[in-house]
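Here is the naming used below: chain letters follow the sequence lines, and residue numbers restart at 1 for every chain. Values reported hereafter were calculated over all heavy atoms of this structure, with side chains retained and with hydrogens, waters and symmetry mates removed.
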2 protein chains.
Amino acid sequence: MKTVPLHSAKKSAIACHNCSLSDLCLPRGLNRDELELLENSINKTVKIKKKDYLFHRDDTQQAIFAVKAGAIKTSLSTPDGEEQILGFYLPGDLLGFDAFARDRHTCDAQALDDTLVCELSMDNFQDLCGKLPIMRGQMMRQIGTEIEREQMLLLTLGQMRTEERLATFLSSLSERNQERGFSPAEFNLPMARHDLANYLGMAVETLSRMFSRLQEEKIIAVQHRLVKIDDMNRLKQLAHHTCRPASDVL
Amino acid sequence: MKTVPLHSAKKSAIACHNCSLSDLCLPRGLNRDELELLENSINKTVKIKKKDYLFHRDDTQQAIFAVKAGAIKTSLSTPDGEEQILGFYLPGDLLGFDAFARDRHTCDAQALDDTLVCELSMDNFQDLCGKLPIMRGQMMRQIGTEIEREQMLLLTLGQMRTEERLATFLSSLSERNQERGFSPAEFNLPMARHDLANYLGMAVETLSRMFSRLQEEKIIAVQHRLVKIDDMNRLKQLAHHTCRPASDVL
DNA sequence: CGTCGTCTTGAGAAAGCTCAATCGCGGTGG
DNA sequence: CCACCGCGATTGAGCTTTCTCAAGACGACG
């Protein structure tokens, strides 16, 4: 439950150009010199344990992180301890862009599991952006992606019923896996029911029932955290189309 | 229901340094030359009619707008016509920053009423950012504000029940009015019940009942779009604290 | 003064929540 | 190696909240 001290790990043993995630976090088209500049800017690889925090809301020690292994959740809390999970970050994802627009992070980031991240301090990042215009574009695209992701979640929470929310989530996780070269039809959920229910704005029991219902409908097969998608078409149909029974469309 | 053609209105008759909203949209600390640069970059003042669109999702003709009078809503739609309103923009608010991170807008913007906005094309804006570092900071802060606003809405939709959602909305509208120098205790809602219900993720009837309930509880007095807040303390209490009955706080 | 659209109110149905019991799995100690 | 323990997940039952459908009220506007 404590923030892991930064600068606690050794320099990354794997250079960026050898990293298996380079396709995801490296801007394309860097030449040798630029690549070296980037690699020298990467502060280090950080290991954090399950339940430890990568950063807290209002932290001024900002940084961009690339998840190499494990999983991170970001969340917002009310004064009375109520939590809303805002996003899950898996290997290949970048996080920390929430701090970019201001001088501090806007949410908490906690490890769902023992996790390995690659850290680039905000100062170095800004510096890099000055030197490499391509990095600026990359950053802008990342911020845009964050905003769109949050808007999509707003649509999900505001307009869909629970079964559709779960279908939407599973469908997008499946697409994400496909993009990363993993199976879109069979994968492990990186988070506990508890966290997924919170993210999707429903009770744990309801989430569990919706998993069971999708299974009864032969759309998925689920066992603990392992999910197999048996009928992708119907899953996507549930996810996209059926929001509310459209009461007042003009 | 059509997008208003841009470049359709005359040059703004009111210079930025005379505009009543300058405190809100002008970066502080510009000198005379810089101010002139900004004023010359402002494309024009645009009038749009109720229900017309200021921009559409995927529009590549991007611009930043400052609302001078009226009100704008931004929203996201599913393929089947389901809508989720993402935000309301009132006089003094800036919108269009969603397009900044990419090369196109990520949502639709529609006038809730006859509306007057001040337009700054994205090209001019980018140009200005290059010349005036202070503008870059301003822009970053705006994007940060947008992100935080959306995260707050996620918390509201995901964790609160309907009465709390409405209390949260009224409370923040009240604060906003106070910041703008208007009465925090008595104001007109700029949007129809229909739109507010959608924004808050509930049925119109439920919203209406919650207005009635807050009135029965003597927290507010509401008549059509006119709202008077009689017990600000209890309103804010409802808004901040009571999310869900906190089942599993550690 | 009528008409239309918006808002409110009522009643019944459905969705989702809470509480409680149980299941199943992984870890631990005998 | 096996019994036990503890935690996360599932399932059931009853209740609360919210939704839907329908009717009626209220205002703005022609």
Participant: Distance only, no hydrogens: is a donor on one side chain within 3.5 Å (strictly under) of an acceptor on the other, for Gln84(A) and Ser75(A)?
Facilitator: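 Side-chain D/A pair, Gln84(A) to Ser75(A): absent.
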Participant: Looking at DNA chain D, which of residues 186-193 of chain A put a heavy atom within less than 4.0 Å of it?
Facilitator: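 When residues 186-193 of chain A is checked for heavy atoms under 4.0 Å from DNA chain D, the hits, listed by number, are Ala192(A), Arg193(A).
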Participant: Would you say the side-chain atoms of Asn198(B) pair up with the backbone N or O of Glu83(B), donor to acceptor, closer than 3.5 Å?
Facilitator: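 At least one qualifying donor-acceptor pair exists.
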Participant: Distance alone, cut at 3.5 Å: any donor-acceptor contact between the side chains of Ser77(A) and Glu82(A)?
Facilitator: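 Short answer, no.
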Participant: Test of understanding: with side-chain contact (heavy atoms from CB on, under 4.5 Å), list the residues that count as partners of Ser172(A), not counting sequence neighbours.
Facilitator: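 Residues passing side-chain contact (heavy atoms from CB on, under 4.5 Å) with Ser172(A): none at all.
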Participant: In the structure I gave you, are the side-chain heavy atoms of Leu189(B) and Leu170(B) within less than 4.5 Å of one another anywhere?
Facilitator: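 The answer is yes; the side chains approach within 4.5 Å.
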Participant: How does each nucleotide of nucleotides 24-30 of chain D score, in 5' to 3' order, for protein heavy atoms under 4.0 Å: base (B), sugar-phosphate only (S), or none (-)?
Facilitator: ---S---
Participant: Quick test of your reading: applying salt bridge (Lys or Arg N to Asp or Glu O under 4.0 Å), list the pairs with at least one residue in residues 195-217 of chain B, sequence neighbours left out, ordered by first then second residue.
Facilitator: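 Every salt bridge (Lys or Arg N to Asp or Glu O under 4.0 Å) pair that includes a residue of residues 195-217 of chain B, provided the two are not neighbours, is Lys73(B)-Asp195(B), Glu163(B)-Arg213(B).
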Participant: Indicate whether any N or O donor in one side chain lies under 3.5 Å from an N or O acceptor in the other, for His105(A) and Asp98(A).
Facilitator: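 A donor-acceptor contact under 3.5 Å links the two side chains.
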Participant: Mind checking whether Phe182(B) and Phe187(B) have ring centres under 6.0 Å apart?
Facilitator: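 Centroid separation for Phe182(B) and Phe187(B): 6.0 Å or greater.
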Participant: Which nucleotides of nucleotides 9-15 of chain C have their base under 4.0 Å from a protein heavy atom (B), which only their sugar-phosphate (S), and which neither (-), written as one string 5' to 3'?
Facilitator: BBB---S
Participant: Can you tell me which residue pairs pass the side-chain hydrogen bond (donor to acceptor under 3.5 Å, both in side chains) test with a partner in residues 219-233 of chain B, sequence neighbours excluded?
Facilitator: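 side-chain hydrogen bond (donor to acceptor under 3.5 Å, both in side chains) check on residues 219-233 of chain B returns Asp231(B)-Arg234(B).
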